[in-house]
Asks: 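Starting off with a structure, shown below.
Values in this document were obtained by computation on a predicted structure and should not be read as measured data. Proteins come first, then strands; the chains are lettered A, B, ... in the order of their sequence lines, and each starts at number 1.
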Protein chains: 2
Amino acid sequence: MSKHAGLGLCSNREYTQPLRNNTRVVPMRVTGHVSSVVQALFAAAAKKNFNFQTNSTSLLSPHRFLNPLASGCLSVRRNSTNSAAPRKSKLPENWGTKKKSVIEEFKSKKKNKDVIYIMADNAEEILAPLRASVKEQGDLVRKLKEMGEGEIEVKKAVVELKARKKILEDKELELTQKDDGFDRMRMEDLLKRRFFYDQSFAIYGGVTGQYDFGPMGCATKANLLNFWRQFFVLEEGMLEVDCSILTPEPVLKASGHVDRFADLMVKDEKNGECFRLDHLIKATVEKIEKEKGTTAETKDRISTVLSQLDGYNKDQMAGLMAEFNVVSPVTGNPLSPPMEFNLMFSTQIGPSAAVKGFLRPETAQGIFVNFKRLLEFSSGKLPFAAAQIGNAFRNEISPRSGLLRVREFTMAEIEHFCDSSNMSHPKFCEVKDTLMTLYSACDQMDGKKPSQITISEAVGSGLVANETLGFFLVRIKMFLEKVGVNPDKLRFRQHLGNEMAHYARDCWDAEILTSYGWVECVGCADRSAFDLSQHTKATGVKLIAERRLPAPKKVEMMQANLNKATIGKAFKQNAKAIADYFANVDEEEIKKINDNLLSAGFVEIKIGENSFKITTEELKIEKVEKTIHVEEFVPNVIEPSFGIGRILYSIFEHNFKTRADDVQRTYLSLPPVIAPVKCSVLPLSNKAELQARVAEVVQELRKREVSVKVDDSSGSIGRRYARTDEIAIPFGITIDFETLNNSSVTLRERDSTLQVRLPIDKVGETLRDLSNGSLKWTEVMQVFPKFESQEA
Amino acid sequence: MSKHAGLGLCSNREYTQPLRNNTRVVPMRVTGHVSSVVQALFAAAAKKNFNFQTNSTSLLSPHRFLNPLASGCLSVRRNSTNSAAPRKSKLPENWGTKKKSVIEEFKSKKKNKDVIYIMADNAEEILAPLRASVKEQGDLVRKLKEMGEGEIEVKKAVVELKARKKILEDKELELTQKDDGFDRMRMEDLLKRRFFYDQSFAIYGGVTGQYDFGPMGCATKANLLNFWRQFFVLEEGMLEVDCSILTPEPVLKASGHVDRFADLMVKDEKNGECFRLDHLIKATVEKIEKEKGTTAETKDRISTVLSQLDGYNKDQMAGLMAEFNVVSPVTGNPLSPPMEFNLMFSTQIGPSAAVKGFLRPETAQGIFVNFKRLLEFSSGKLPFAAAQIGNAFRNEISPRSGLLRVREFTMAEIEHFCDSSNMSHPKFCEVKDTLMTLYSACDQMDGKKPSQITISEAVGSGLVANETLGFFLVRIKMFLEKVGVNPDKLRFRQHLGNEMAHYARDCWDAEILTSYGWVECVGCADRSAFDLSQHTKATGVKLIAERRLPAPKKVEMMQANLNKATIGKAFKQNAKAIADYFANVDEEEIKKINDNLLSAGFVEIKIGENSFKITTEELKIEKVEKTIHVEEFVPNVIEPSFGIGRILYSIFEHNFKTRADDVQRTYLSLPPVIAPVKCSVLPLSNKAELQARVAEVVQELRKREVSVKVDDSSGSIGRRYARTDEIAIPFGITIDFETLNNSSVTLRERDSTLQVRLPIDKVGETLRDLSNGSLKWTEVMQVFPKFESQEA
């Protein structure tokens, strides 16, 4: 994830915030190097799509650039589970009638329901000049870097590049999304009405940026996390940990969060309202730029300010406030001087308030500080991966847009520790042919679309830094598609050079297209040895591993030789402690001791509370030659980091559907594996005989850990199905009067609304396998006879 | 849980803290009403077992009273899963040899390994006078209450009662536990060495009261929580929610935590060290009491102080500090004046610091504030239960004793909402014959042991307040036993009258016996309508349900009748808002409006920012008779509340075992359902042919979601089993050279160390069913032939 990005070329001041705090609205000027046609287009696009107020509705990742539809202008949405390998049915071969037509009907129903994304015929015509404009600027950036131009010049050019990329991407989205038919208001109404999630503490007026998950949202989230654990932790044999949320200051000082996880803020001096300073200055000078009377000189000055906004420090920002008379855009009141606002929630640990602590802003640090224990658990062997699922907290200045930008959220992070001299991955060969939608830094700079290539090509060509990183990118893609992300709305975008942290080797974000644009949902970075090195520096505890040398090596070392007899006599009961001390002293310390011995003839050592004076009579430092078989190194880290709330939100969007035959009926087509409840049970009437069979079916299902919702209300079956469709229940069983005759029930599938008839004693196993994804509905339809007499 | 307890007779000042903060060391005086024999016994016991310093090692629940071994003086530990109903084996009937002797061997092995708790022959002789002494005091308390004695008199007597009960309980534990053979140091060494859990941020020096769960602890905890979800949420159809941790102040003000979840603190004026004031005063006056020169008058004064310590306010405490010259017990330095120390961690939400917030001290409030949404989700029907698993935080003054008292912990809470006029439970009949170890308030006051009675007897006699509460007590018992709590070390202790909150009807704690004594691990309270009423008071939002009246009822009501024509003319576009206002106004408000109309001829109403003056021409208030079919009521709450860390710790203790034939070999006999890893796979050698079969078996297992650990290190099989036993892996598969011949493998069970031979194609299903508890090892042994040639 990009949490330590932004420390490179583009920004020293601002600590680019990952996932939850990534509204870095890029400056959006249109000047210089652009042809007049392009300029006109830019201006129109800017007018239509942009809003640079502090409370802008933009909430995308800092990287909100290019084309979603990598596979071309016309693509049909695929069912996300289609790609899974087919599995032999466990059901009896000859029960019921095999009806091929049923399956065909199912397939055609699926197709008809799907949204088709069409890009207008003339789309590429419209986009061509915008692409050219991005490429023009991309080439300029490259040239400036090649020529070794000054940092400010390069920075200016990059800012311009980003602005052009944003215009291109917005235009692309505009051209593709208009046929989507997705209605966010309707979806949000459904999610709120059926209590998937809603604002926390609403009866107390609510708190922005905090959400409570209701029964359906909580179950979906729990299923998503369980599947994540299954897919990553169990499948790959990772070491899952569960670490503290309250974190003492020194830990986050070492990680860089205390100093850099902050924004500059100003306060309205009268009402105390807060504003993020860089946003405010930007909005102010842009307004001035547009005013009629503004001189060319001022416009030029503003252009410089905008291009350098990322690089100004606190004092320079204060200077700008005075220069442009920045006041509150809401009240016109004067503002306080700039102040650092750290985005971490702080508190005091313990009664004496001596220990300052923070709520962790990410879960990763808990893994790093436990590295030694985890390495030991792995018997000292690399590579190994540790994982953690847990809550993290960021005190957003103005949280908004539902689950996308909140103050309290669940993350799932993996730290894969490996030896940087060998970044191959034993399972890479299993995934090497996977086709990926990759949006390389280079393509971004050239105004091109993302391309679809296999991961082995990408690693082979050096586009993706190494096999291990490539392996994780594939696994992330597989995971997201299995939990319901539309593959056509998923891409992996590489960080540009200036987005990455200085120590990162390569970084890719899994971005998902939603109605808010492309949203960064998973980050996957090769973070080199940065994190472990930082904690070693802060604590003096070596966080290292050992690698076997190809051949034993002879090295010259200093060694402390104690004269045990004289030591024993001189220090008696302390002699052992002194011997232990010298047995564990490191190379550097020995050199110092030797210098002291040589110059003063003695050395004073401290063990616990006691000091001991050791003379040359008791201690000699000698050079010895030793053969070593291993060498120490700081492991490399590959970090896939998942924002669970964002993924969940994207899944809701991608699976919010309307019935073709009734626009009033909306439903959620969540894959069974994450659906909050797997099966509904609906008796046709409230008669006691039927109730007894309901109990029987429910018991069969619960015994196999299939979650069930019984709806014995008086509504029609069709109406009750509509209600269970809304909460994404993938399968429904109807108990009718025939059940009493032949112990069979109706089983209905949510997406196709097709039904089959199956015997009660098959219900348990069939539903268990359907629920965990090991059995497909098409297979069920091949085995059991179709049923048509009830409402669907 | 007892979180709101202690507001009753005994304590107004102190908010008794549940689970994580329950070291209420009871005053331990021996005076008055006690015969001289008993007095001598008391004195001896006190000398041996008690420590009343502030940093006392006591960390039990406030209720650390009586005898663990309810079933008598001699009892054999039962395997916790024995009680589950046997289930038909799914395995083929005729594969392998059925050997009865194998099963007998298994049973005898189990028996031999079990620890036998023996109470010394003369135990009851020793305990009899202590029991008599408790009863004597219990009778006194009853008598004082009957006679309507003053509160202080009763309080004094209760304090004395508690002191006597504590002495009795400690003596009982001393007499029973000495044969247990449990070695806490060895267990802690194992848990640390294999990284089940360890102190957080250890490389930074660590923080007390915070723990990180390593791979084995994390997996065990995750399995425990998943099983909890399965056992309570899915099985009972509860509504699980996942609410915010950061909680704004008004919510916790309403719940009582802001005002009362605090202790009085003093600080060493020189070094800032903090002390809990009541503990400190207690330690100080007790020291004075023991000094030689202390006068009878002072002793009497001290006796009064000790008995009233719970009831003193801040100023009175300050007075005591002056009176007894209380200084720091560590440095002798003077102390600050008393200050309230709230045990919640506070922080600021948002940038302007306008919203004060706390980390939630329990998860329950998140459910209460969502009551309306949850009731709606249940279609307005009661009863329903909501549940939540999540972290909570308490800023303990001096956390200690591993997972028992920490600052950050996981809870699982249930709020069962019901109609207090009908506390029956539809499933009570299914559990009514369950034998429970109940320790009634009455038995505690009589110095008796807990008794074993069925839950239907307990509810029938009124000992347990109602069926619903009784049903949950049984479910808690069943859950705890299934996850590995020793049934002989589990009891349900009823709160004494003065321990319960004034609004609570009944409250029972599931207490588990550990090497720290009896630890409160689950609370189960009938909390009446308190919580919902509090939030209604604070917000004005009615948190109510409706019950159908037995017969429709006619009532007289006031009704606002608007003259729509004149309203429309007078207020134009605001007319609708005004009409809406009067449509929603409540009975009480209407009365006020009517009074105004009658006296002044008009009324002024405020809608949003606007005021409107409405005259008698536009509005008439009339009495109407209405027929109502339902009435509103505030639901009753039954709250089972689980401390996950405490349960986990108790399970570790109860399942820490030593092999009878090798005291060096320790292992954890966790039930398969919560074991961190279900199966180990051990190839006999590193030959490639064997490795291929390892991969095959691993794939079979992972496909069925059975977690696996491969150990292909070079140690002997016996040594490798010893390692997997330490981390509680219940089953082990050995791949040997016979595997290559006939595709069979060895399967070993951890506790019995017995092995069978089974074909590879049976491995997946067999292990899946063994892991989820649906198949028993005894059943496996009946089907597959015993295997004896390898180390176990």
Asks: Given heavy-atom pairs under 4.5 angstrom as the criterion, report whether the side chain, backbone, both or neither of A/Phe341 touches chain B.
Replies: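 Just the side chain, heavy atoms under 4.5 Å.
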
Asks: Would you mind checking which part of A/Ile389 comes under 4.5 Å of any heavy atom in chain B, side chain (CB onward), backbone (N, CA, C, O), both or neither?
Replies: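 Neither the backbone nor the side chain of A/Ile389 comes within 4.5 Å of chain B.
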
Asks: When only pairs under 4.5 Å are counted, which of B/Leu246, B/Val251, B/Val708 shares the most heavy-atom pairs with chain A?
Replies: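 Top count of heavy-atom pairs under 4.5 Å with chain A: B/Leu246.
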
Asks: Would you mind checking which part of A/Ser379 comes under 4.5 Å of any heavy atom in chain B, side chain (CB onward), backbone (N, CA, C, O), both or neither?
Replies: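 Neither; nothing under 4.5 Å.
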
Asks: Can you measure from CZ (B/Arg194) to CD (A/Glu376) and round to the nearest 0.5 angstrom?
Replies: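 The CZ atom of B/Arg194 sits 9.5 Å away from the CD atom of A/Glu376.
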
Asks: Please flag which part of B/Asp198 lies under 4.5 Å from any non-hydrogen atom of chain A: side chain, backbone, both or neither.
Replies: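 For B/Asp198, heavy atoms of backbone and side chain both lie under 4.5 Å from chain A.
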
Asks: For A/Ile349 and B/Val207, run side chain to side chain contact (heavy atoms under 4.5 Å, CB included): C-alpha distance rounded to whole Å, both residues' side-chain angles, the deciding distance at 0.1 Å, then the answer.
Replies: CA-CA 9 Å; A/Ile349 305 174; B/Val207 178; 4.0 Å; yes

Asks: Name the region of A/Gln230, side chain, backbone, both or neither, that has any atom closer than 4.5 Å to a heavy atom of chain B.
Replies: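 Contact with chain B involves the side chain of A/Gln230 alone.
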
Asks: Contact part of A/Tyr197 toward chain B, heavy-atom cut-off under 4.5 Å: side chain, backbone, both or neither?
Replies: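 The answer is neither part of A/Tyr197.
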
Asks: For the candidates B/Ser346, B/Ser713, B/Ser707, which exhibits the highest count of non-hydrogen atom pairs separated by less than 4.5 Å from chain A?
Replies: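 Among the listed options, the one with the most contacts to chain A is B/Ser346.
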
Asks: Just how far is it from atom CG of B/Leu234 to atom CG of A/Leu701, taken to the nearest 0.5 Å?
Replies: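 Result: 11.5 Å between the selected atoms.
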
Asks: Find the one option among A/Ile245, A/Val541, A/Val369 whose heavy-atom pairs under 4.5 Å with chain B are most numerous.
Replies: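 If we count pairs closer than 4.5 Å to chain B, A/Ile245 comes out on top.
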
Asks: Hey, which of B/Ile203, B/Thr347, B/Thr247, B/Leu239 has the most heavy atom pairs under 4.5 Å with chain A?
Replies: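 Highest number of heavy-atom pairs under 4.5 Å: B/Ile203.
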
